[in-house]
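Remarks on the structure that follows.
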Amino acid sequence: MPADSLPTILIADDQADVREALRLLLKAEGIASVGVADPAAVVDAVRRREFACALIDCNYSRDTTSGEEGLALLEKLRQFAPELPVVAMTAWGNVPLTVEAMRRGAADFVEKPWDNTRLVSVLRAQVALAEGARRQRRLEAENALLRGEGGEDFVAESPAMRRVLALVERVAASDANVLVLGENGTGKGVVAQLLHQRSPRAARSLVKVNMGGIAESVFESEMFGHVRGAYTDAKSERIGRFELADGGTLFLDEVGNVPAAQQPKLLRVLEDGEFERLGSSRTQKVDVRLVSATNADLALEVAEGRFRRDLLYRLNTLEVRLPPLRERVEDILPLARGFLARNAQRYGRDGLRLAPSAERALTAWRWPGNVRELQHLMERAALLAEHDEVGAAVLAFGESAAQQAATDLDGMTLEQAEAHLVQRALERFDGNLQRAADALGITRQSLYRRLEKHDLRDAGGDVG
């Protein structure tokens with residue numbers, strides 16, 4: 001295995017000549033290593049960085065025969081780095097010590113003097129097993145999240161959108177952070193997906209996070225992950241969004257909603273590529289391309305002290321401004337036809353098409369809800385159209401849609417009405433919890449409890 005593809009082995013032995021012999025052996029095999037002399041240095045090294053495997057002596061200068069120092073070190077490593085494979089090594093090997101070392105968490109056991117071939121084989125096997133387990137944990141966490149899945153068609157018939165597409169094509173190949181600006185529902189998520197797909201990172205994950213939907217109390221756990229026991233309900237480790245996006249792209253939607261207390265933590269990982277999981281002091285590094293989006297005026301937020309100026313500078317290395325749908329009239333009908341065809345297939349209504357009257361009505365409307373409003377309108381049309389040709393009468397604009405919603409409320413229970421109103425508020429404010437809570441006349445904490453109650457935690461978010 002090439003040296004640049006194998007992470008570093010931690011070697012712990014109180015004898016300098018032993019550490020040097022092991023370093024030279026591993027170097028000859030293309031394996032990097034770091035040597036330390038005692039258990040305290042092992043714990044310190046593991047807290048500061050990540051290792052692929054640890055090879056530790058069981059006896060140090062204080063006690064050269066019992067193995068107790070090594071066994072105690074094993075327990076500490078289980079606490080600070082439970083996923084780190086540890087190979088124990090001693091010149092005083094015996095069956096009881098081997099059994100006890102394995103019971104306390106050793107992945108394998110090697111006696112001194114070691115056999116070079118076996119030692120290298122054991123270390124390679126443990127590194128491979130640990131990497132396989134890490135990939136499995138990452139896959140399970142990825143499957144639990146909403147990820148980019150191939151992308152919607154990017155319609156750019158209008159001059160305004162052709163300019164946006166040309167800019168996206170120019171900047172996609174770089175690793176520069178991009179801030180996508182635009183009104184609610186303009187398709188900022190679609191642009192983020194396009195930036196990822198046209199980049200060298202396309203084969204890796206695009207991880208999407210709606211920052212307006214993350215409560216401040218769980219921000220660190222969501223973004224950076226946590227270790228087992230980090231807090232009362234942390235019964236297992238959690239991989240955060242930054243770690244999931246390592247090597248790929250992280251899309252922070254509604255980034256203007258990052259709480260002020262959490263902005264320095266976000267700034268640090270953007271500046272250094274380093275973070276710690278909640279409950280751990282071990283620093284991890286990630287390589288992430290960041291795309292952010294907001295409909296807020298971040299310059300105003302900075303001026304009023306709600307958003308850090310240095311964080312804004314990190315986010316907007318490049319800016320992409322999306323025009324509202326009313327300024328890209330040439331795109332309305334291509335988008336409408338695409339949404340109608342997609343929903344017709346979804347609901348078993350193949351053959352649906354727009355009548356000339358519907359096309360005239362669509363191009364005449366001002367689209368306050370932008371692309372998202374058009375998307376929802378075409379879904380409703382696919383459900384309600386009585387014939388294959390969708391006429392203007394089937395379309396519900398403005399007040400007629402609001403009246404329909406009001407009529408629907410009459411047939412709901414109190415619980416259903418509450419869930420409906422909460423979901424509508426989130427859609428109106430693009431998943432922004434604070435603005436939705438203000439509109440509903442409740443606190444953000446009360447809104448978060450209702451999201452949990454009605455299982456609406458993933459409601460809101462941008463189109464795409």
Side-chain angles (χ1 to χ4, degrees), residues 134-156 161 164-165 167-182 185-214 219 221-225 238-258 266 269-270 273 275 284-295 314-322 338 342 371-372 375 430-431 457-464:
R134 182 177 181 275
R135 282 198 300 268
Q136 180 62 29
R137 290 194 301 271
R138 177 169 174 157
L139 179 61
E140 290 170 356
E142 285 176 344
N143 288 340
L145 293 174
L146 178 63
R147 298 179 54 206
E149 293 295 345
E152 301 177 34
D153 293 335
F154 191 84
V155 175
M161 285 307 290
V164 170
L165 182 58
L167 178 58
V168 167
E169 294 286 359
R170 286 201 305 272
V171 306
S174 75
D175 273 340
N177 293 338
V178 178
L179 179 62
V180 186
L181 303 172
T186 48
K188 296 185 287 291
V190 177
V191 171
Q193 192 163 290
L194 191 63
L195 283 165
H196 176 70
Q197 291 173 339
R198 303 294 174 87
S199 77
R201 298 170 177 265
R204 302 300 296 270
S205 298
L206 168 63
V207 178
K208 302 179 182 181
V209 191
N210 181 354
M211 304 308 292
I214 296 181
F219 179 89
S221 176
E222 289 285 338
M223 300 306 296
F224 309 124
R238 178 188 180 93
I239 299 176
R241 308 300 177 92
F242 270 96
E243 192 172 350
L244 283 175
D246 190 19
T249 304
L250 181 63
F251 175 45
L252 302 184
D253 197 7
E254 293 307 321
V255 72
N257 290 304
V258 177
L266 181 58
V269 71
L270 294 183
F275 68 94
Q284 296 183 230
K285 293 188 71 70
V286 287
D287 171 26
V288 170
R289 200 268 182 92
L290 190 75
V291 178
S292 308
T294 185
N295 65 334
R314 282 288 173 182
L315 296 176
N316 71 343
T317 304
L318 296 166
E319 284 188 2
V320 175
R321 292 183 178 270
L322 279 178
R342 191 172 303 147
V371 179
R372 183 183 296 115
Q375 188 176 32
D430 205 28
R457 287 163 291 183
D458 295 326
D462 208 340
V463 175

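- With rounding to the nearest 0.5 angstrom, the CG atom of Asn295 is 8.0 Å from the OG1 atom of Thr186.
- Proximity of a side-chain donor or acceptor of Ser199 to a complementary backbone N or O of Arg201 within less than 3.5 Å is detected.
- In this structure, the side chains of Leu270 and Leu315 come closer than 4.5 Å at one or more pairs of heavy atoms.
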Please assess Thr249 against Arg204 for the test side chain to side chain contact (heavy atoms under 4.5 Å, CB included), listing each intermediate value before the final yes or no.
CA-CA 8 Å; Thr249 304; Arg204 302 300 296 270; over 6 Å; no

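- Counting heavy atoms from C-beta on, the side chains of Arg238 and Glu243 never come closer than 4.5 Å.
- In this structure, Val255 and Leu179 have side chains that are in contact, with non-hydrogen atoms separated by less than 4.5 Å.
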Stepwise side chain to side chain contact (heavy atoms under 4.5 Å, CB included) check, Gln193 with Leu206:
CA-CA 7 Å; Gln193 192 163 290; Leu206 168 63; 3.9 Å; yes

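- Taking the six-membered ring where tryptophan is involved, the planes of Phe275 and Phe242 are tilted, since the angle between them lies from 30° to 60°.
- Pairing each heavy atom of Ala173 with each of Pro200, the nearest pair is O-CD, 3.6 Å.
- Arg289 contributes a side-chain N or O that, together with a main-chain N or O of Ser174, makes up a donor-acceptor pair within less than 3.5 Å.
- At a threshold of 4.5 Å between non-hydrogen side-chain atoms, the residues Leu252 and Met223 count as touching.
- No side-chain heavy atom of Phe251 sits under 4.5 Å from any side-chain heavy atom of Leu195.
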Determine, stepwise, if the pair Met161 / Leu322 fulfils side chain to side chain contact (heavy atoms under 4.5 Å, CB included).
CA-CA 8 Å; Met161 285 307 290; Leu322 279 178; 3.9 Å; yes

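- Leu250 approaches Ala245 most closely through the heavy-atom pair CB-CB, 3.9 Å.
- A donor-acceptor pair under 3.5 Å is formed between the side chain of Asn177 and the backbone N or O of Arg314.
- Looking at Asp246, its side chain does come within 3.5 Å of a backbone N or O of Asp287 through a donor-acceptor pair.
- For the pair Lys208 and Arg241, the minimum side-chain heavy-atom distance is 4.5 Å or more.
- Counting all heavy atoms, side chain and backbone alike, Ile214 lies closest to Phe219 at CG2-CA, 3.8 Å.
- Contact of the Leu194 side chain with the Leu165 side chain is registered, since non-hydrogen atoms from C-beta on lie closer than 4.5 Å.
- Here the CD atom belonging to Glu222 is positioned 11.0 Å from the CG atom belonging to Asn210, to the nearest 0.5 angstrom.
- One distance of note links CD of Gln284 with CD1 of Ile239; it measures 9.0 Å at 0.5 Å rounding.
- Annotation: side chain of Leu181 is in contact with side chain of Thr294 (closest heavy-atom distance under 4.5 Å).
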